[in-house]
**Q** 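One structure, pasted below without further comment.
Every chain is numbered from 1, with letters handed out A, B, ... down the list of sequences. Remember, it's a predicted structure, so these values are computed and weren't measured experimentally.
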Protein chains: 4
Amino acid sequence: MDERQEKQTGAGRPRSRKALEAVMTATLNLLKTTSYNQLTMERIAKEAGVGKPTLYRWWSGVPFIVMEALMLQAESEIGSPDTGQLISDVHQYLKQTFRSLTEGTGETVRSLMAEAQLNPDFAGVFRETFISSRRQTLIRILERGVQRGELPQNADLELIADLCYGPMWYRLLNRHAALDETFAASLVSYLFDSDGR
Amino acid sequence: MDERQEKQTGAGRPRSRKALEAVMTATLNLLKTTSYNQLTMERIAKEAGVGKPTLYRWWSGVPFIVMEALMLQAESEIGSPDTGQLISDVHQYLKQTFRSLTEGTGETVRSLMAEAQLNPDFAGVFRETFISSRRQTLIRILERGVQRGELPQNADLELIADLCYGPMWYRLLNRHAALDETFAASLVSYLFDSDGR
Amino acid sequence: MDERQEKQTGAGRPRSRKALEAVMTATLNLLKTTSYNQLTMERIAKEAGVGKPTLYRWWSGVPFIVMEALMLQAESEIGSPDTGQLISDVHQYLKQTFRSLTEGTGETVRSLMAEAQLNPDFAGVFRETFISSRRQTLIRILERGVQRGELPQNADLELIADLCYGPMWYRLLNRHAALDETFAASLVSYLFDSDGR
Amino acid sequence: MDERQEKQTGAGRPRSRKALEAVMTATLNLLKTTSYNQLTMERIAKEAGVGKPTLYRWWSGVPFIVMEALMLQAESEIGSPDTGQLISDVHQYLKQTFRSLTEGTGETVRSLMAEAQLNPDFAGVFRETFISSRRQTLIRILERGVQRGELPQNADLELIADLCYGPMWYRLLNRHAALDETFAASLVSYLFDSDGR
DNA sequence: TATTAAGCGAGACGGTACGTCTTGTCTTGGA
DNA sequence: TCCAAGACAAGACGTACCGTCTCGCTTAATA
């Protein structure tokens, strides 16, 4: 994922791990006190005590830095539950995800999704790095459901994934209702429990 | 929708209809050839042959202009189908909406949603003016379904609306799959047809 | 000097004397609280409760209004002394002029002179209307001195006028020293009193 | 005269000599074809091929740039004559000064003096940098006259300086008569030659 | 151990867009 | 018929960031 610290062919000073860490820390600090759209390369550089060229050497813009900082922070915060039952796996997973968004990173995640719409260079990276991995986790949970016979062999897992993630993103972005446990329960119930209708 | 030209309390030159129209036209023209995030107040002013202060007198920024232009263009493009049957009403409505997004305004709508994430001043206006009206249309369709007995009296219409709009926005923003007729059909089938699973 | 309030030939609403007076009053009021270069046509119009086009109908810019207001205010504030003696006439006249500048209009007069440098349209009017009349007053005092034999028949009165007014303007504009009575006395003494050297 | 390029405390890209020179050249060029009050920061930036922030980094406005350009151009154009005689020294000095103003920089100098009246930030700098140095030159000439006994020990040199510079500025600003050699001669004669009256 | 070249901070650079201000003209409706 | 109110096109203002560049200092692997 990161070919940056290798090479080191001949002489010369190696790249400073310290600078990278300072940037990540500074970014997370700034996100605590200011909103995403107030972040600029200049501010991050100043806060991290790092030169702008250093920033540009390793990242091509603010959203790339923020995404990396976010993934570094949230690393393995959300696991993949395996209770042996589809409904409770999905329920668990959604609850975890909602909580993570509500309590912490929601604002920033919203901003990154927004950035991905406006910045084509970032869009691809964001989807393949950030979104895709989480979607895969859900798809794997669903696949286990198919194996167990809880879903039909020909179930459209992509559609079901959209039906789980779609409403989540919709509420996250549109803010017309909370991403709380009630919502997770209703969602799971409506989607998987025939009696829930 | 626009109470501005009514103010006209006493004296004073009234708002120039010509300038307003020039701005709307220029904005739509620019959107045809450039992407949303290349739009600037200055470019719009120049294209419309209008002074910047005139722009700022009536709109507080690019997204507000774009939203108004979009609503003016799409006025009544999407109707509210009434076939007498819930499933086909929803199907019809989603198909219409998807087509409108796919063929024309999708790019710009995505950008406005993104803007709403990054620009708090715009967020409220966007949701209350743009999103809300369309959501109401769907809710009304669902209510008719309840009246006809196609949905139970206590059905959670807000949840169902989220399950319709959520996946749409998710695909629009995340671009991992098309907003085509197949998707509309699958969605409706999964949500309302017990045999569709 | 002012052919504006006459005519009133046929029908129609007569021109408002009230508006003119309001402009003059408003201008003088504004000059009490703000500096000349903060004056704008718009601010004067607002303060006077007058439309901008009305302002432009009668004056072509801020300095023209200010000059008229100033002359209206200072009308006959400075007389032409006639003590029967050249030296005391000039001394008297300079003292009067210095006092008027120091106590009141100095700031504004400085600004008008500055404006005349930057604004060719104003330059001519300013010199012919404002400066010239005062210069003539001094020249007349000097001529009386020639008639009385206090100055030689071939005295260069223009040069002497420059020697009186020049230092005054120089100190007014350059502010390196005060325009006080001592200065008036020294000036007269150096210029007219052979023993004063 | 310019302690800016010496700062260079530690790191950082040093001030670009090229940019500085381009600005000076562009300013002098523009002054040849347009009048001072048509000069704007934007035009200078464009003509010099320099960004506006670079201009504002080093100068706080148009008059500051113009003054620097003028001083750079006129550097040591006017010397301090020393003929051994007061009258001819002053005469020489005034002739030089008049010629410089008449042939070249007069227009711009007038404008700067005007600017100093309207712009308090500029006023101080202008007087201390531009005016003061020239006044000192004249005062030194007069002091030599005192040492030689051509002027009394207690002569008021400041007054005499005002009597030389005052009429010059008066004619420069008021334009009622030329700044020619005749004027220089009359002035010197009236001020220093008892028989000249 | 000394050399040496890359990485580093700082920050100036040419640009672009911002949102505000003022100018002088115009267009209404009310008096 | 004249006016106040104020909208209009134009364009300069001074600021904030952008992404690139040029410095001189620091630092660690190579020789």
Side-chain angles (χ1 to χ4, degrees), chain A residues 7-16 18-19 22 38-43 45-46 48-58 60-62, chain B residues 7-20 22 38-43 45-46 48-58 60-62, chain C residues 10-16 18-19 22 38-43 45-46 48-57 60-62, chain D residues 7-16 18-20 22 38-46 48-58 60-62:
Chain A
K7 282 283 165 93
Q8 197 56 25
T9 49
R13 180 184 180 172
R15 277 152 178 171
S16 123
K18 225 176 63 182
Q38 315 242 37
L39 253 61
T40 65
M41 292 298 261
E42 259 175 13
R43 234 192 283 275
K46 176 145 287 182
V50 144
K52 280 207 289 173
T54 302
L55 247 50
Y56 280 104
R57 186 162 18 244
W58 297 12
S60 50
V62 172
Chain B
K7 278 191 180 166
Q8 195 57 14
T9 51
R13 180 180 181 174
R15 180 179 186 183
S16 142
R17 192 179 323 280
K18 221 179 64 181
L20 164 67
Q38 314 244 35
L39 251 61
T40 65
M41 292 300 261
E42 283 196 342
R43 227 196 285 271
K46 178 144 285 183
V50 143
K52 278 206 293 172
T54 300
L55 249 47
Y56 282 103
R57 201 184 336 272
W58 301 112
S60 49
V62 172
Chain C
R13 182 176 179 176
R15 278 161 178 164
S16 121
K18 226 176 60 185
Q38 315 242 35
L39 253 60
T40 65
M41 293 298 262
E42 248 167 25
R43 233 192 284 275
K46 175 144 287 183
V50 144
K52 279 206 293 169
T54 303
L55 247 50
Y56 280 104
R57 188 166 11 251
S60 50
V62 173
Chain D
K7 278 190 177 163
Q8 194 56 12
T9 50
R13 180 178 178 174
R15 180 179 185 183
S16 141
K18 221 177 66 183
L20 165 66
Q38 314 243 36
L39 251 61
T40 65
M41 292 299 261
E42 285 198 342
R43 225 197 284 271
I44 295 174
K46 178 146 285 184
V50 144
K52 276 207 291 172
T54 299
L55 249 47
Y56 282 103
R57 202 181 340 266
W58 301 112
S60 49
V62 172

**Q** Report the residue (C/Ala45 or D/Ser60) whose heavy-atom-nearest nucleotide on DNA chain F is the more 5′ of the two.
**A**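 Nearest-nucleotide comparison on DNA chain F picks C/Ala45.
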**Q** Measure from CE on C/Met41 to P on F/dG6 and round the result to the nearest Å.
**A**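 That distance rounds to 18 Å.
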**Q** Rounding to an integer number of Å, can you tell me how far C/Glu42 CD sits from F/dA4 P?
**A** 15 Å
**Q** What distance do C/Met41 atom CE and C/Lys52 atom NZ have between them, rounded to the nearest 0.5 Å?
**A**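 Separation between the atoms: 8.5 Å.
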**Q** Find the distance between OG1 (D/Thr54) and CD1 (D/Ile44) and round it off to the nearest 0.5 Å.
**A** 13.0 Å
**Q** Closest approach of C/Ala45 and C/Gly51, non-hydrogen atoms and distance?
**A**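 Heavy atoms only, the tightest pair is CB-C, 4.4 Å.
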**Q** When you get a sec, tell me which of F/dA12, E/dT23, E/dC8 is the closest nucleotide to the side chain of A/Thr54?
**A** E/dC8
**Q** Write down the distance between CG (B/Leu55) and P (E/dA17), rounded to a whole number of angstrom.
**A**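 In whole Å, E/dA17 P and B/Leu55 CG are 14 Å from each other.
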**Q** So if I take every side-chain heavy atom of B/Pro53 and compare against E/dG9, E/dT22, F/dG19, which nucleotide ends up nearest?
**A** E/dT22
**Q** For C/Leu39 and A/Gly49, find the nucleotide of DNA chain E closest to each by heavy atoms; which residue's nucleotide sits nearer the 5' end?
**A**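 Its nearest nucleotide lies further toward 5', so the answer is A/Gly49.
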**Q** Do the side-chain N or O atoms of B/Trp58 get closer than 4.0 angstrom to the phosphate oxygens (OP1, OP2) of F/dG6?
**A**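 No.
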**Q** Consider the side chain of B/Arg57, meaning its heavy atoms from C-beta on, and name the nucleotide among F/dG19, F/dC13, F/dA7 that approaches it most closely.
**A**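 So the side chain of B/Arg57 is nearest to F/dA7.
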**Q** Can you check whether any acceptor in the base of E/dG19 is under 3.5 Å from a donor in the side chain of B/Lys52, or vice versa?
**A**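 Indeed there is one.
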**Q** Just to confirm, is there a sub-4.0 Å distance from OP1 or OP2 of E/dT22 to any side-chain nitrogen or oxygen of C/Arg43?
**A** yes
**Q** Figure out the OH/C1' separation between D/Tyr56 and E/dG15, and round it to whole Å.
**A** 15 Å
**Q** Check D/Val50 against D/Leu55 and note the closest heavy-atom contact, atom names and distance.
**A** CG1-CD1, 3.6 Å
**Q** Classify C/Gly61 by what it touches in the nucleic acid, base, sugar-phosphate, or nothing, heavy-atom distance under 4.0 Å.
**A** nothing
**Q** Both A/Gln38 and B/Gly51 contact DNA chain F. Taking the nearest nucleotide for each, which residue is further toward the 5' end?
**A** B/Gly51
